[in-house]
Number of protein chains: 2
Amino acid sequence: MEDQARQRAKEVPSLEEAFNAIKEGIYKRRFIIVVGNCRVDYRGRANSKLDPGERLLILKPDGSALIHRPRDYSPVNWQPPGSLFRTSLSNGELLVRVYRRKDNEVLEAIFDRIMMFSVIDLKDAGEFSLYATEKDMQEAILFQPSLLEEGFRPISPERPVEPGFIDIMGVDREGVLTLVEIKRRRATKESVAQLKKYADVINLDKNRKIRMILVAPELAKGAQELLATLGYEFKAITPQLCSEVLKQKNSKTITHFFK
Amino acid sequence: MEDQARQRAKEVPSLEEAFNAIKEGIYKRRFIIVVGNCRVDYRGRANSKLDPGERLLILKPDGSALIHRPRDYSPVNWQPPGSLFRTSLSNGELLVRVYRRKDNEVLEAIFDRIMMFSVIDLKDAGEFSLYATEKDMQEAILFQPSLLEEGFRPISPERPVEPGFIDIMGVDREGVLTLVEIKRRRATKESVAQLKKYADVINLDKNRKIRMILVAPELAKGAQELLATLGYEFKAITPQLCSEVLKQKNSKTITHFFK
DNA sequence: TAATAAATGTCGTTT
DNA sequence: AAACGACGTTTATTA
């Protein structure tokens, strides 16, 4: 039975063919691709208008929608997941309306010509893993504190502090309290400001000695002065190195497991 | 001649058919859509691994690439414009490699089954207009200063200040220097901090009286205290209202033009 | 190229 | 729902 097909596509279809396929695809929560000539209107947090041209429209089963032009990484218009799809056909135009209750946002694509459409039941349960994130850097330093400096001993993995969290709290070889802020990219003045916020909250008893260390692959030029002014320190560590360290950690864990 | 066709697509093609079409599409800088079962690897600023599943791959003529799963607004993997595409076929697998010189980033999608592909020459010269941005809010207040408060007079549209720019600088009905920072979303503590940075630079002669006004649709709760502490003010204005004001401005301009 | 701030930012987490 | 910070943030603007 045709309705049971996992996919349906057509090149240069009529508006009616596309309309019927899209309508069915919305109802069945399929992955929908439409390429054609359209204009686009958006009203919500901002407003936008896109004059006619040939673009790709994507409607996903989770209620997200994207309109992509032939250039750029980012979609020219979109709606986040949870939006509602509706389509209609009138006056030789195919309308796809995407409504999002939050922020009362409406996205409308109006096609006068369809070049291709595809309606597919996509099965995707693959796991996605991202490595060398800030969290990985934190884990790596906790696993191998000498990455920061010899003699460093972490106290607790993450201690909640008023504005957010200190990434790592510990004690140096002299026993001095040491706070560590981690950035996976070049640290900026903003990073230093963030570190100061933490210091201000922690360092209420001013007579207590404390070290503040900013960890990042690089330190921006402007940030150097500020860091020096505040008497903070910088330690260059790349996320890639941390990723390597974690790899060792995991292989060791496995070794231990099979020992 | 088949090579001159503006588009070519196929449902459930063989890997060979897809490979040939993609290769030609890359060479001719076409808009390429591939749906199929694949795994994905990324190495660059971070590293990532995506286990097999059915996804959509987009290769654009400007060298940007996107891999979309059946859910989420954002692509699971991508490369920005300017990347280089390459494809190969071996051992029953179709590889699409996207290389970006900056950051030495590599994205690889390896397909073992293609469900659909489409290679199209997309023509899109339509103009995109976005309204109700922060810049629009600035323009609207400059055009109708009473939006901020009665008697306010802007001095210069944008006066360069050390860290970035003051959005609006002016004088209130009493002649007091007034600096305005605009946010198109709910203003946060960060917004207030930004305002303070500007104040610190401008207000070098401390005896000069100065007013700091934060303009935004809303003020976050935590930001209220900080604002009060610093003696700054808040004025609620929505980007949508500003957009309306600008619409009037433009219609007036047109009226004047035809008068 | 570096720095800075905006974005319909999105996304996750915690309160 | 609000607040907060990370993101392979991206993108634009300016020095």
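Below, chains carry the letters A, B, ... as their sequence lines are ordered, and counting in each starts from 1.
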Asker: Any side-chain N or O of B/R45 less than 4.0 Å from the OP1 or OP2 oxygen of D/dT10?
Answerer: yes
Asker: When we call it a touch if two heavy atoms are under 4.0 Å apart, what does A/E105 touch: a base, just sugar-phosphate, or nothing?
Answerer: base
Asker: Which atoms form the tightest heavy-atom contact between A/I213 and A/R211, and what is the distance?
Answerer: CD1-NH2, 3.7 Å
Asker: Could you tell me whether the side chain of B/D72 has a donor or acceptor atom within less than 3.5 Å of a complementary atom in the base of C/dT10?
Answerer: no
Asker: Hey, does B/R185 reach any base, or is it just sugar-phosphate, or nothing, if we go heavy atoms under 4.0 Å?
Answerer: base
Asker: Ignoring hydrogens and geometry beyond distance, is a side-chain donor-acceptor pair present between B/N77 and B/S48 at under 3.5 Å?
Answerer: yes
Asker: Counting the atoms with a prime plus P, OP1 and OP2 as sugar-phosphate, which does B/T188 contact under 4.0 Å by heavy atoms, base, sugar-phosphate, or nothing?
Answerer: nothing
Asker: Do A/N104 and A/Y99 pair up side chain to side chain, a donor and an acceptor below 3.5 Å, judged on atom types alone?
Answerer: yes
Asker: Report yes if at least one side-chain N or O of B/Q194 is closer than 4.0 Å to OP1 or OP2 of C/dT4; otherwise report no.
Answerer: no
Asker: Could you tell me whether the phosphate oxygens of D/dA3, OP1 or OP2, come under 4.0 Å of any side-chain nitrogen or oxygen in B/R186?
Answerer: yes
Asker: Any side-chain N or O of B/W78 under 4.0 Å from OP1/OP2 of D/dT9?
Answerer: no
Asker: Looking only at side-chain N and O atoms, does A/S74 come under 4.0 Å of OP1 or OP2 in D/dT11?
Answerer: yes
